[in-house]
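Everything on this sheet refers to the single structure shown next.
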Amino acid sequence: MSSVLHPDLPSFIAFGEALTDLIRTGDDSWRTVSGGAPWNVAMAMSRLGELSAFAGGISRDLFGQAIWQASADACLDLRFIQQFDRAPLLAVVHELNPPRYFFIGDDSADLHFAPEGLPSGWRRALRCAHFGGISLARQPLAERLVLLAAQLKAEGKLISYDPNFRQTMDSRYDDTLEQMCRLADVIKVSDEDLRGLFRCGDHHTGVAQISAWNPGALLLLTRGAEGGTLFHGSVELSARPPEIELVDSIGAGDASMAGLLYSLLRHKHAEPAQHLRFALAAGAGACMTAGASPPSLPLVQTLAAGVQLLAP
């Protein structure tokens with residue numbers, strides 16, 4: 001298999017983890033699904049038509065090969081995936097309602113990702129770098145990624161961040177959360193993320209703190225079926241997603257992140273309302289099929305017309 005899928009280097013790269021969800025389906029039965037928040041965002045960006053890559057480390061075993069094959073099928077630039085003779089990163093989901101899980105990944109492949117091993121010239125082609133997921137809570141990888149984000153920010157690249165709260169993000173994550181919020185140009189959080197990250201019952205506390213850390217950031221707050229709000233300076237816009245036939249919401253947040261970034265990259269000077277419509281439409285589109293299946297550009301464009309902007 002060729003390691004080069006695109007003649008050009010990608011304009012969008014998501015850095016972090018790709019992992020395998022090991023999902024319990026019965027007393028003695030399990031199924032595996034490739035995932036990881038940054039990887040999902042890269043997949044969604046490629047589905048929308050952006051030259052996209054996931055940059056991270058994966059194992060060489062059957063779990064890593066499944067991620068590699070899915071990445072190839074989605075036309076991600078495989079030159080940015082680094083494979084190691086290390087254990088895979090696993091998320092063991094032993095209960096679904098509500099989800100209960102734990103991670104297995106001591107000295108696993110994701111922790112060995114080395115930015116210096118990326119293709120020559122990639123920084124020149126890059127327009128937007130995305131960070132987030134549990135990669136930023138896993139040392140020594142987290143330190144390397146935060147440093148890389150700071151370097152790319154200094155080079156004038158657009159930096160996006162979605163913390164994607166997980167139980168491992170306790171008080172030890174606080175410094176990283178603040179650093180990334182201060183660095184990022186675009187931040188996406190859900191109301192659940194904010195309650196977990198700031199260990200409080202009211203997501204408004206988290207919105208206020210992020211805005212204080214970085215008043216100039218474009219901040220997207222999502223609230224599931226209730227819709228979302230876009231904050232940017234004095235601008236505050238809220239909208240409801242389009243009406244759809246819900247299958248499941250897996251990957252909806254990552255698709256929303258991709259929709260927002262795609263709109264910002266392709267329509268930089270559009271009104272904020274257009275970016276919000278596109279983000280919520282992309283999230284809704286991901287809910288129309290089972291699993292983390294990112295929507296196509298024509299579907300998102302159709303659904304965007306059904307996003308209802310709310311009065312201030």
Side-chain angles (χ1 to χ4, degrees), residues 6 8-16 37-56 76-77 80 115 118-119 121-133 135-136 142 144-164 176-189 210-211 213-222 228-233 235 237 253-280 282-283 294 297 300:
H6 302 302
D8 301 315
L9 288 162
S11 55
F12 173 85
I13 305 174
F15 294 88
W39 184 75
N40 286 340
V41 175
M43 296 279 280
M45 287 293 278
S46 182
R47 183 82 166 101
L48 291 172
E50 196 73 24
L51 289 178
S52 176
F54 163 74
L76 295 186
D77 192 325
F80 290 78
L118 296 180
W122 69 271
R123 291 177 185 248
R124 292 193 298 274
L126 181 69
R127 294 181 62 197
C128 176
H130 176 70
F131 298 85
S135 59
L136 291 174
R144 293 198 295 272
L145 292 180
V146 172
L147 176 60
L148 179 62
Q151 292 171 343
L152 294 175
K153 172 77 171 184
E155 294 172 14
K157 309 302 182 183
L158 187 74
I159 305 298
S160 64
Y161 171 52
D162 181 356
N164 212 286
T176 298
L177 174 65
E178 180 176 351
Q179 288 181 72
M180 288 304 302
C181 285
R182 290 184 183 276
L183 276 173
D185 302 289
V186 183
I187 303 168
K188 188 201 81 69
V189 286
I210 292 173
S211 297
W213 283 335
N214 190 346
L218 185 73
L219 173 62
L220 174 63
L221 169 68
T222 60
T229 302
L230 194 65
F231 302 90
H232 192 204
V235 174
L237 287 174
D254 300 325
S256 292
M257 179 86 259
L260 177 60
L261 294 175
Y262 179 88
S263 184
L264 289 168
L265 290 174
R266 293 296 181 99
H267 308 287
K268 180 179 179 181
H269 299 294
E271 293 295 322
Q274 179 174 328
H275 300 317
L276 179 58
R277 286 183 185 275
F278 212 85
L280 295 185
L297 181 59
V300 175

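Throughout, numbering of the chain's residues begins at 1 and tracks the sequence.
Shown here for Ala279 and Leu220, the closest heavy-atom pair between the two residues is CB-CD2, 3.9 Å. When all heavy atoms are compared, the tightest approach of Ala258 to Leu48 is O-CD1, 3.9 Å. Taking each heavy atom of Ala37 and Gly133 in turn, the nearest pair found is CB-CA, 4.3 Å. Counting all heavy atoms, side chain and backbone alike, Phe12 lies closest to Ala42 at CE2-CA, 4.0 Å.
When side chains are defined from C-beta on, Pro163 counts as touching Val189, because their heavy atoms get closer than 4.5 Å. Within the 4.5 Å cutoff, no side-chain heavy atoms of Asp254 are placed close to those of Met257. At least one side-chain heavy atom of Trp213 sits less than 4.5 Å from a side-chain heavy atom of Leu177.
In this structure, Asp185 does not pair ionically with Lys157, as no charged nitrogen and carboxylate oxygen lie closer than 4.0 Å.
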Could you pull out all donor-acceptor pairs under 3.5 Å where a side-chain atom in residues 259-274 meets a protein atom, sequence neighbours excluded?
residue : atom : partner : partner atom : Å
Tyr262  : OH   : Arg266  : NH1          : 3.2
Ser263  : OG   : His275  : ND1          : 2.7
Arg266  : NE   : Glu50   : OE1          : 2.9
Arg266  : NH2  : Gly49   : O            : 3.2
Arg266  : NH2  : Glu50   : OE1          : 3.3

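For Ser52 (side chain) and Leu76 (main-chain N/O), no donor-acceptor pair under 3.5 Å exists by modelled atom type. Between the Asn214 side chain and the Ala184 main chain, a donor and an acceptor come within less than 3.5 Å of each other.
Distance check, rounded to the nearest 0.5 Å: CG of Leu230 to NZ of Lys188 gives 12.5 Å. Remark: Leu152 CG to Trp122 CH2 distance equals 4.5 Å, nearest 0.5 Å.
Screening Ile13, Asp162, Leu158, Ile159 against His130 for a side chain to side chain contact (heavy atoms under 4.5 Å, CB included) leaves a single residue, Asp162.
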